[in-house]
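Not measured: the values here are computed from a predicted model.
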Amino acid sequence: MMAKGIGARPAAPRRWTGTFAGLSLLCLAVQAVQKADLSGDPTVATINHSLSLLQRLQELLHDGNASDTTLRVRTTGSDEIKVFQAHQLMLSLQSEIFESLLHNQTMLTLHEPPDSAALFEKFIRYLYCGEISILLHQAIPLHRLASKYRVHSLQRGVAEYMKNRLASESNQGHVVGWYHYAVRIGDEALQESCLQFLAWNLSAVMSSAEWASVSVDLLLLLLERSDLVLQSELELYTGVEDWVATHQPDDSVVEKMLRSLRYPMISPNHLFHLQKQSPVMVKHYSVVHDLLFQAFQFHSASPIHFAKYFDVNCSMFLPRNYLSTSWGSQWVINNPARDDRSTSFQTQLGPSNHDSAKRVTWNVLFSPRWLPVSLRPVYSDSVSGAIQSIRIEDGRPRLVITPATTSSDFAGVSFQKTILVGVRQQGKVFVKHAYSFHQSTDEVADFLVHADLQKRTSEYLIDNSLHLHIIIKPVYHSLIKVKK
Ligand SMILES: *[C@@H]1O[C@H](CO)[C@@H](O)[C@H](O)[C@H]1NC(C)=O
Ligand SMILES: *[C@@H]1O[C@H](CO)[C@@H](O)[C@H](O)[C@H]1NC(C)=O
Ligand SMILES: *[C@@H]1O[C@H](CO)[C@@H](O)[C@H](O)[C@H]1NC(C)=O
Ligand SMILES: *[C@@H]1O[C@H](CO)[C@@H](O)[C@H](O)[C@H]1NC(C)=O
Ligand SMILES: *[C@@H]1O[C@H](CO)[C@@H](O)[C@H](O)[C@H]1NC(C)=O
């Protein structure tokens, strides 16, 4: 400890104190200086046996040599007991809980649920050699052990593993389970990652077995969000209906859920069908009839006219990220770093049935390396090869969306655009980013800022193509403040 302290400041001359202690300290200081001086010497070599040391430490646990601690791990709900001959020093080194438990005793009996008990040997082994392998279904029990015994490095490692494996394939799905676990232990970062993954990947989740394991609280949280990525509001209605049929929750819960759906985003003929045919709707009609009535009214007038009589400043009239073609279009750009590209597509003017026949054509321009005018190099014949501090390579990706025609029909309506960027993770495409703006991605500071489109290895390129999905959301801006 002391040698290290002195070695850290070799330049400071130490005064000779005339005692033995002072002498030995001085010697250590001199050694430290010599070592530092010699570091450029070609004769220096490092003898590195760290791997075999780790091997010996593992044998120590395996053989139980010189053990001073016995751990008896009892599986709750069974008679099974696993016994480990361990070492107080090794256990205490990384776990303050073991340190205090072993303070005055040499034999501990620990009670663990079956999934944690099954992993206990791996867990103890990690304490001896700092290495562990994890599978999806082991993440929760392992994180639980790391949290219980306060092994912070392992806790962080498992949480990181979970964040990186949200998109992994699993038979039953795991993200919903991880979300519920994160809520139980109060890990807000993991909670947020899981929630965002579920919100941006909702169609897949709703059609999987995992959907049935969603809790009331999670479903209500999801229904509040405007950033859900799914085919249509009708798809969400069907998902909620299935969930309710499986769980048969209290009426108050069903009513809350039904009131969180955005009926004006569903076409009137579908609404009429729901009103008459959906068992959940028929049963709870009395608590949503005001919303349905309002939605039918919304469909029968122009939104601007409607807004004169009704408050449209609420989430009910705010579209989510709908993938169906009336709301936008997918755009796959091959070799996106090469040059500027453009495309065009049509959307509905708005969700109101009043406008159902009206279409808007949108032109989209994508530039891989765009520079604002003020930063563009000035080319002049007289000063050829002038030093350009800013090169065209310094430009940033930019995407601009403009209507092909301006029409008086747009009066009062502004269109919010959302770009979803898909990436491939573990062989599947899923939404990595969602950017929202009004006309140009200049309005958002971070559009594809870390995408590295020039590099073939960029994680944003799927078979050398950039996968975008553009969604156009009409916002009645005279009355609605858009949430950023
Ligand atoms: C010693 O060897 C191990 C494994 O070969 C390696 O991971 C570690 O970085 C090495 N340490 C040094 C100081 O070179
Ligand atoms: C543990 O003890 C056994 C025999 O008692 C011995 O063979 C083995 O080498 C020892 N292991 C270590 C790591 O000292
Ligand atoms: C160890 O100390 C704790 C309190 O510090 C006490 O509760 C416990 O009974 C002690 N155990 C033994 C075996 O002495
Ligand atoms: C979303 O996650 C599921 C598994 O939970 C997966 O099947 C799907 O491919 C993912 N991505 C998308 C875009 O749906
Ligand atoms: C719309 O509602 C939000 C909160 O729900 C409020 O902050 C905002 O002022 C409202 N805007 C108008 C124009 O009423």
**Asked** What is the ring orientation for H143 with Y181, classed by angle as parallel under 30°, tilted 30 to 60°, or perpendicular over 60°?
**Response** perpendicular
**Request:** Check P114 against T76 and note the closest heavy-atom contact, atom names and distance.
**Result:** CD-OG1, 4.0 Å
**Spacing of CH2 belonging to W370 relative to CG belonging to L365, to within rounding of 0.5 Å** = 10.5 Å
**Request:** Keeping the roles fixed (side chain from S302, backbone from H305), state whether a donor-acceptor pair exists under 3.5 Å.
**Result:** yes
**Item:** Side chain proximity check, Q294 to F317, heavy atoms < 4.5 angstrom
**Value:** yes
**Item:** Separation between CE of M265 and CG of L271, rounded to the nearest 0.5 Å
**Value:** 11.0 Å
**Request:** Decide yes or no for F366 and D340: does some side-chain heavy atom of the first lie under 4.5 Å from some side-chain heavy atom of the second?
**Result:** no
**Request:** Compute whether any side-chain donor of one residue and acceptor of the other, for H270 and S267, lie under 3.5 angstrom apart.
**Result:** yes
**Request:** Report the residue from I419, L420, T347, T418 that forms a side-chain contact (heavy atoms from CB on, under 4.5 Å) with I470.
**Result:** I419
**Item:** Residue pair Q416 / P474, side-chain heavy-atom distance below 4.5 Å
**Value:** no
**Item:** Main-chain N/O of L318 paired with S315 side-chain donor or acceptor, under 3.5 Å
**Value:** no
**Prompt:** How many angstroms lie between CD in E131 and CZ in R125, if you round to the nearest 0.5 Å?
**Reply:** 5.5 Å
**Prompt:** So do the side chains of I97 and R150 get within less than 4.5 Å of each other, counting heavy atoms only?
**Reply:** yes
**Asked** Between the side chains of S193 and Y179, does any donor sit under 3.5 Å from an acceptor?
**Response** no
**Message:** Under a 3.5 Å threshold, yes or no: a donor from one side chain and an acceptor from the other, between D227 and W200?
**Reply:** yes
**Exercise: identify the closest heavy-atom pair between V175 and L166** = CG2-O, 3.3 Å
**Asked** Counting distance only, does the side-chain N/O of S260 pair as donor-acceptor with the main-chain N or O of E224 below 3.5 Å?
**Response** no
**Asked** Can a donor-acceptor pair be found between the side chains of N363 and T402 at a distance below 3.5 Å?
**Response** no
**Item:** Flag for S300-H354: side-chain donor and acceptor within less than 3.5 Å
**Value:** no
**Prompt:** Could you walk me through whether F415 and F437 pass the ring-ring contact (aromatic ring centres under 6.0 Å, His included) check?
**Reply:** CA-CA 9 Å; F415 294 92; F437 53 91; over 10 Å; no
**Asked** Is any side-chain heavy atom of M281 less than 4.5 Å from a side-chain heavy atom of Y237?
**Response** yes
**Asked** Side-chain contact, heavy-atom cut-off 4.5 Å: V151 with L127?
**Response** yes
**Request:** Check the pair F345, W331 against ring-ring contact (aromatic ring centres under 6.0 Å, His included), reporting the backbone distance first and the verdict last.
**Result:** CA-CA 10 Å; F345 61 91; W331 190 18; 8.7 Å; no
**Message:** If the threshold is 4.0 Å, N to carboxylate O, is there a salt bridge linking R259 and D290?
**Reply:** yes
**Message:** In terms of relative ring orientation, are F123 and F120 parallel, tilted or perpendicular, with 30° and 60° separating the classes?
**Reply:** perpendicular
**Request:** Please step through salt bridge (charged side-chain N to carboxylate O under 4.0 Å, His left out) for the pair E459 and R424, ending with a clear verdict.
**Result:** CA-CA 7 Å; E459 64 163 326; R424 186 150 57 189; over 6 Å; no
**Message:** For the residue pair Y126 / S133, report whether a side-chain donor-acceptor contact shorter than 3.5 Å exists.
**Reply:** no
**Fill in**
Here the pair of heavy atoms bringing S203 nearest to Q231 is OG-N, 3.5 Å
**Item:** Side chain H438, main chain S414, donor-acceptor under 3.5 Å
**Value:** no
**Request:** Starting from the C-alpha separation in whole Å, work towards a yes-or-no answer on side-chain contact (heavy atoms from CB on, under 4.5 Å) for V176 and L198.
**Result:** CA-CA 8 Å; V176 171; L198 294 171; 4.0 Å; yes
**Asked** Which atom pair, heavy atoms only, marks the closest approach of I462 to G422?
**Response** CD1-O, 4.0 Å
**Asked** Would you find a donor on one side and an acceptor on the other, under 3.5 Å apart, between the side chain of R320 and the backbone of R225?
**Response** yes
**Request:** Nearest 0.5 Å please: distance from the CG atom of D217 over to the CG atom of L222.
**Result:** 11.0 Å
**Message:** I'd like to know if the side chain of S458 and the backbone of K455 have a donor-acceptor N/O pair within less than 3.5 Å.
**Reply:** no
**Message:** Using a 3.5 Å distance criterion without hydrogens, assess whether the side chain of D187 forms a donor-acceptor pair with backbone atoms of A189.
**Reply:** yes
**Prompt:** With a 4.5 Å limit on heavy-atom distance, are the side chains of E160 and N164 in contact?
**Reply:** yes
**Complete:** In terms of heavy-atom contacts, C194 and W178 come closest through SG-CB, 3.9 Å
**Prompt:** Taking the inter-plane angle between the rings of F430 and F197 on a 0 to 90° scale, is it parallel (under 30°), tilted (30 to 60°) or perpendicular (over 60°)?
**Reply:** tilted
**Prompt:** Between CG of L101 and CG of L110, what distance do you get to the nearest 0.5 Å?
**Reply:** 7.0 Å
**Prompt:** So, does S213 use its side chain to make a donor-acceptor pair with the main chain of A209 at under 3.5 Å?
**Reply:** no
**Request:** Give the C-alpha distance, both sets of side-chain angles, the deciding distance and a yes or no for side chain to side chain donor-acceptor pair (under 3.5 Å) between S215 and H180.
**Result:** CA-CA 8 Å; S215 64; H180 291 140; 2.8 Å; yes
**Request:** Classify the ring geometry between Y435 and F447 as parallel (under 30°), tilted (30 to 60°) or perpendicular (over 60°).
**Result:** perpendicular
**Prompt:** Any chance the rings of F296 and F272 have centres within less than 6.0 Å?
**Reply:** no
**Prompt:** Going by distance alone, is a donor N or O of one side chain under 3.5 Å from an acceptor N or O of the other, for Q348 and R359?
**Reply:** no
**Asked** Is W327 reaching over with its side chain to a backbone N or O of K473, donor-acceptor style, under 3.5 angstrom?
**Response** no
**Item:** Contact summary for L466 and Y460, nearest pair of heavy atoms
**Value:** CD1-O, 3.8 Å
**Prompt:** Do Y263 and F298 have their ring centres less than 6.0 Å from each other?
**Reply:** no
**Message:** Can you tell me how far apart OG1 (T109) and CG (L71) are? Round to the nearest 0.5 Å.
**Reply:** 9.0 Å
**Message:** With heavy-atom distances below 4.5 Å as the criterion, would you say the side chains of I132 and Y161 are in contact?
**Reply:** no
**Request:** Return yes if a side-chain donor-acceptor contact under 3.5 Å exists between S226 and R262, otherwise no.
**Result:** yes
**Asked** With respect to E112, which candidate in K82, K148, R74 satisfies the side-chain hydrogen bond (donor to acceptor under 3.5 Å, both in side chains) definition?
**Response** K148
**Asked** Judged by modelled atom types alone, do R398 and S367 share a side-chain donor-acceptor pair under 3.5 Å?
**Response** no
**Message:** Determine whether a donor-acceptor pair (N or O, by modelled atom type, separation under 3.5 Å) exists between the side chain of E121 and the backbone of A118.
**Reply:** no
